[in-house]
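See structure below.
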Amino acid sequence: MNNEIKKAYEIAKRRYEDLGINTENILKRLKEIPISIHAWQGDDVSGFERPNAKLSGGGIIATGNYPGKARNIQELQKDLGKALSLIPGSHRVNLHSFHGDFGGKFIERNQYTPEYFQYWIDWAKEKELKLDLNSTLFSHPKADDGFTLSSKSKEIRQFWIEHVCRCREISAEIGKQLKKPCIHNIWIPDGLKDIPVDRMGYRELLKDSLDEILQEKYPPSEMKDTIEGKLFGIGSESFVVGSYDFYLSYAIANQVMLTLDTGHFHPTESVGDKISAILPFIPELMLHISRGVRWDSDHVVILSNDLIQLAEEIVRSKAMDRIHLGLDYFDASINRIGAWVIGTRAVQKSLLYALLQPWETLREYEENGQYFQRLAFLEELKTLPFGPVWDYFCLKNNVPVGYSWIKEIEKYENDVLRKRNKFKD
Ligand code: RNT
Ligand code: ZN
């Protein structure tokens, strides 16, 4: 089988050489692109903060009841390890602050300290992974009325400001120990179900909270902040305080990173198109790659046209060092480890597809007004032997080629996941 894969690759390599594309160089580049794999796919966004935690505030919920959800850090790390063993390249893991190691004690969110994350840091060191972190401003009684950093209650606002400050400090410690900046993401659920009358009031409060939070400066070699807007949520259909316009303006004015979650826009908007519109004005971008079906449903990412367009724009931006890739979806209706692998491999495939394009030729057509040629070429690219290059990439990086990884997930499900008692979580 390996011989067949190599043979197919050799043929594909020559086909791409014809277009002036060196597949070897591209595979080296692809291997160096880390993807931040979201830990919360493994525990249905529930965290390990308190036993029987129920989601409240924020309206984000994983639907499905597939057996085998990770119930503690050890299980989550084991599951992540399994997923990572099926994904080529070396990656990052994106944690939520409620994934901390609280030793069975209840620790309030404004009391989080780096020591609760040492277990993750040690694991990352051992596995040669890097970590990112998200403040967690949902699933908490103080988020129950739908407001956190823009709350009109001074006490609630202060509590959440403290939480985010703690998470920034933790991020800096993570980055320091792992010798790579930890990206700290801020997303808040704040908004209203029905028509607001004081949009300005809430947004002024959010601006003030962010100003206060970002006052403390950390070395960018340790941590970087990024802020994530949203279009609407369950229970915040009429008004979202932290909208895209709000954070885009804030990011430009304060030169902070912006997160674009591909599920957080009107369904016909192209997130790919936004990259070149934003990058000239802010230092860096973070992507939360997701797949909305009819709405921001957070389905598992697949190799869709939207994803390919996004990857093409990332590659063509010539600023890939300023664009950070992460995943954000949660599906509890299928094998959760399989969900990680499908999504991550899909993103890598989309990047490979984008990297294997003779961009100079296409751009020349465009500049010469040869639009028929441009369109025809783009169409022909779709049937070039991209699959054999992907297969060879997997082979070269010692992960299962093609669908053979499905069997490995089935085995893990039988040996590990089915033994977890789903009634105990
Ligand atoms: C919610 C945001 C946010 C979350 C994670 C769990 O709509 O996309 O990024 O999905 O923080
Ligand atoms: Zn997101």
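When a ligand or atom number is given, it counts from 1 through the structure's own listing order. Basis for what follows: all heavy atoms, side chains included, without hydrogens, waters or symmetry-related copies.
- Of the protein's non-hydrogen atoms, H96 NE2, 3.4 Å is the one closest to atom 5 (C) of ligand 1.
- In this structure, R291 forms no cation-pi arrangement with F330, as its terminal cationic atom is not both closer than 6.0 Å to the ring centre and no more than 45° off the ring axis.
- Protein heavy atom in closest approach to atom 4 (C) of ligand 1: D328 OD2, 3.5 Å.
- The Zn ion (ligand 2) forms the vertex of an angle spanning OE2 of E228 and ND1 of H288; to the nearest 10 degrees it equals 100°.
- Using modelled atom types and a 3.5 Å distance limit, the side chains of D211 and Q215 yield no donor-acceptor pair.
- Considering only heavy atoms from C-beta on, I308 comes within 4.5 Å of L303 through its side chain.
- Nearest protein heavy-atom neighbour of atom 7 (O) of ligand 1: K230 NZ, 2.7 Å.
- Note: F138 and F98 have perpendicular aromatic rings, judged against thresholds of 30 and 60 degrees for the angle between ring planes.
- When side chains are defined from C-beta on, V164 counts as touching I186, because their heavy atoms get closer than 4.5 Å.
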Let me have the donor-acceptor pairs involving side chains of residues 314-322, under 3.5 Å, with sequence neighbours excluded, atom names and distances please.
from : atom 1 : to   : atom 2 : distance (Å)
R316 : NH2    : Q357 : OE1    : 2.9
S317 : OG     : I314 : O      : 2.7
S317 : OG     : A319 : N      : 3.1
R322 : NE     : P283 : O      : 2.8
R322 : NH2    : L279 : O      : 2.5
R322 : NH2    : I282 : O      : 3.0

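- Each of the atoms 10 (O) of ligand 1 lies under 4.0 Å from some heavy atom of F330.
- Residues Y247 and T259 bring no donor and acceptor atom of their side chains to less than 3.5 Å of each other.
- No N or O atom of W40 sits closer than 3.5 Å to an N or O atom of ligand 1.
- The ligand atoms of ligand 1 that sit less than 4.0 angstrom from a heavy atom of H288 are 9 (O).
- Heavy-atom proximity to D261, at under 4.0 Å, picks out these atoms of ligand 1: 8 (O).
- Sorting the N, O or S atoms of D328 by how far they are from the Zn ion (ligand 2) puts OD2 first.
- Taking the six-membered ring for Trp and thresholds of 30 and 60 degrees, H99 and F48 have ring planes inclined between 30 and 60 degrees apart.
- The proximity of H38 to ligand 1, defined as any non-hydrogen pair under 4.0 Å, does not occur for either the backbone or the side chain.
- Within D261, OD2 is the N, O or S atom that lies nearest to the Zn ion (ligand 2).
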